[in-house]
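A short worksheet on the structure shown next.
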Amino acid sequence: MFIPSNLPTGVSQVLGALLLVVLLLVSIWFAPLSEPTAVRSVAALNIGEFPSGLALYTNNGEQASYYSLSPWNDYVVDKFGTKHLLASGEIPLSLNPKLTDFARVSRIGITIADYFKLRELSFHTSKPLETCYHIDQLTDNEVTISRQVTVEKRGQYIKTALTLTFNDDDVVYSPQSNKLLSATTLDQVRNFYNKYQLWLNPQELPQEQIANTPIAWEVPSGEVVLFSPSLNKRLLITAQPSQRLVVNQTARTIELHQDIPADTLIVKSELKTKVLDV
Amino acid sequence: MQLVELIIRSLLFYTVPVVIGWSVWQVIKLASKPAPSLTSRQNDGGQKLSATKLVTSLSISAGLGVTLLLLLAIIIQAMSAGNTQFFTFWFFPLVYLIFFSGALAAGFRFIKSFPLPSKQVMQTSLAILVVTLLAYLIWCWRSPYQLNWDMYEHQVLSTAIQQGQFSFKTSQISDTFGFNSYPPTFHLLVAISQFGMSSTPTDILNYWQVINYFHLLSIGFGSYLVGWAITKHRSIAFLSLLVGSLVFESVVAFTSFFLLPQTLTAAMFSIFWSVIVINQAFPNKRSGCLILSLLCLPLLLMHYVIGSLAVITLIGSYLLIRFQLLGNTKHASYLFAAVIALAAIGFGLADLIDLSTINQGEAASYTFSIQEKFNYLTRIYGLSIILFGLLGLVVIIKNRSKSSYQLLALILIAFIALLIANLPYVLKFYTLGRFFIHVAMALGAWQIIKLLGKFKPIGTFFFGFMLAIILILNSQHWKTHLWNGGNFTHISSNDIAAASFLQTELAGTNVLLISDPSTMYLMEGLSGINSPGGAFTSEKTRQGLINFFSNTKQLDVNVLEVIEDKLTTNPSQRLLIVSARTMRWLEANEEQQLSFEFNIWRPEQFTFQDELVITQLKNNNLPLIYQNSSYSIFLL
């Protein structure tokens, strides 16, 4: 009906196949696509991809709390002591803003892979430094997120920090000393005590830090616990032997500092988190 | 519960009415000589049973069986004089007695000359089974529990019927049903198939997960039949099956994956309509009218509104075929003019009537603009409905002299006019209209696929593959907000644990659960313990809860003491269920809190602030009888 009947069989078959392929592709092409919603779960905590990086998050109704790992927070330090963020410029509003071009095809592929849980969650940025985050290990109550940074020249940077943000109302403390490391009100400390029967004393501020900002403490044990009221659970964050754990109270970040060997081009770091109250 | 038992239970939902209807139909046939020719058994002597006759016989049996079961329930309920034990004692054993007797009689009858299905029937059955199974696997992926939210209210009614609380009016069985959109025919079938089943919350959820597949199977079968009835072409019917199974109307209609009164009506309608067309509307006048009545009545008894439209379509189709009004160009022109005029008048009137206030304002949420409807269509079909649908229309116009295509065109015009009308809930009618629109799409697709010659199967595969991709995109979008703990779900293990506690501790007692609408809805559905209206609870109950939680430091329990179930008054005990959903509901604005439309769809867990509220409740000496990380249950 749509192709002249006097054409040779092979030609009409090819034309028919082409027409079918076009119709099928156009049919799919105009199907509305949602934002990628790749998420994994560790206990009641979600892990997802966001325009700024990966985030551990929870959303209860209208309220949501995010704990993000982002190249816009992570940094490297050069030999002059200057910090350089791993990503520059404005954070994009969408992971894949180009919906009208062929990125749409990959979006469809990503959505299908996400639906069947076939895709590894990751976040990638290339300016100014090639940086990639991905989930290394995921169990019912533990997650390890790895980050890989490719520097341009050996010896260009001497240190790097992998950061995890926390929120205003979170309680961060050292489980070894029970010292409070976040700016927490007395009411919050009392509530925390009522829940866990654990009284947290404030960490004394060293003399040299009194006048300085940011206020930050290194935690020698390499372990801190983050209590999230919205999640209603505690997360144990553990540094690797090669990392130093620092809680930056002003920036509300937990930072894992790590030296970069002079002969290294690819710097690997990881953040290990365990949900304590499962 | 074992999968085998769940499958058997699900099959009972369909086979009990069919076997009972078949048994009575045989008696009618024996009593009336000569027997109606179309359903007479002509396969004696080992001949293969015609698929047409088999489907016709099963349809009539199902229609008759459904009606008889409802009638039997009404009679026993009238005899019981309000004694619920009497109903349970007589109704279910009697139904199963007739069912097993009928099954035995059928067994004896067919044992000598078992109607062997032809190779074609076997191939078709296998195709329907495989396609629907694949579609259901896609849908169920990472959804361990069924996703039909309405299931909980239907389970409430089914549980009540199993306990002997039967009435022709659903609103007199449970106050979850504010008005009577249908008699409890659907729920009666659920109750029969669940009778004697272990009904733990997990069992109930699993039962619905399995029976939803059988429902998809019936929708796939109906889609195939409608395609075949119109075109008499197996490949087009198969394409119709592909569309019918792989398309999920994720807005309002929910035809394929959710078993509901409206969708069961649609499945029955698709099969019954095909039976009428395939049999060319039963030329024998006497048996034709009787059979038509037997097919129409159960549709009305299943859902008044959807059933009425289904009956109008069935009777209209019957009359057009029976009196040979189609095929004749002159008659057909008048008919088309009349249908188009009616559609135009109806469409115009729809704009003048404001029905948005129906059902406590819920109707307004179900009134969509044409742009919104188009957006939903592209969400559900991509652009395939436009592309292949338009190609299908070209085919219909090209075949305009054929009566079956004329009938299809008339029905399409009427349904499309209805669906684009500016009225609330009209998208519910899509549950019927989909079958014809899918045939149009199948006709369009076949026009292209047939060009491929010996590669037609490959073309058909890619057509199905395209539909599967769109189904995945649609499912991903629909399920996204239900993500919880690694699954897409309305229900969590905490919900199930709380419902199990209620069922174990309080089954059979006159206890009233009080909580937010969503929690009451879920807990009543899963545990069988009564609540005042579930998700459709009154404004008084909602306001009472808001007032109660407005000051948890100094509780005023009296505001909860006045909350009553509309049907079961003076409960022996009131329970306050404070769940994480309750907390999220309390955080919503007042308009949402008072709306039927607003629910907390996803499982939640208590936040730290929530626990402080619960501590305050405990400090006010409310006895806590159960607790997990999403639920606290108090005695009032």
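Keep in mind that the numbers below use all heavy atoms, side chains included, and drop hydrogens, waters and symmetry copies. Small disclaimer: the values here were computed from a predicted structure and weren't measured. Below, chain A is the first sequence line, B the second, and so on; all start at residue 1.
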Would you check, one step at a time, whether the test side chain to side chain contact (heavy atoms under 4.5 Å, CB included) holds for B:Ile472 with A:Thr111? CA-CA 8 Å; B:Ile472 294 166; A:Thr111 307; 5.6 Å; no

Residue selection (most heavy-atom pairs with chain A, distance under 4.5 Å) from B:Thr607, B:Asn484, B:Ile469: B:Thr607

As an exercise, state the distance from CD of B:Gln447 to CG of A:Leu23, rounded to the nearest 0.5 Å. 12.0 Å

Chain B heavy atoms under 4.5 Å from A:Asn194: which part of the residue, side chain, backbone, both or neither? neither

A:Phe30 and B:Thr378: which non-hydrogen atoms are nearest, and at how many Å? O-CB, 4.1 Å

Taking atom CG of A:Leu25 and atom CG of B:Leu383, what is their separation to the nearest 0.5 Å? 12.5 Å

Which residue is it: A:Leu18, A:Leu20, A:Val21, A:Leu15? I am looking for the one with a side-chain contact (heavy atoms from CB on, under 4.5 Å) to B:Ile448. A:Leu20

So how far is it from A:Ile112 CD1 to B:Gln476 CD, rounded to the nearest 0.5 Å? 10.0 Å

Under 30°, 30 to 60°, or over 60°: which ring-plane class applies to A:Phe227 and B:Phe608, parallel, tilted or perpendicular? perpendicular

CG of A:Leu19 to CG of B:Leu451, rounded to nearest 0.5 Å, is 7.5 Å

Is the CD atom of B:Glu591 crowded by more than 12 outside heavy atoms at less than 6.0 Å? no

How close do B:Lys454 and A:Gln13 get, counting heavy atoms only, and between which atoms? N-NE2, 3.9 Å

Pick from B:Phe455, B:Phe388, B:Phe488 with the largest number of heavy-atom pairs that fall under 4.5 Å of chain A: B:Phe388

Would you tell me whether B:Glu611 and A:Asn232 have side-chain atoms, one donor and one acceptor, within less than 3.5 Å of each other? yes

Identify the heavy atoms of B:Arg142 and A:Val39 that sit nearest to each other, and give their distance. NH2-O, 3.8 Å

As an exercise, state the distance from NZ of A:Lys233 to CZ of B:Phe606, rounded to the nearest 0.5 Å. 11.5 Å

Heavy-atom closest pair, residues A:Ser27 and B:Ser384: OG-CA, 3.3 Å

pair B:Ile138-A:Tyr115: side-chain heavy atoms closer than 4.5 Å: yes

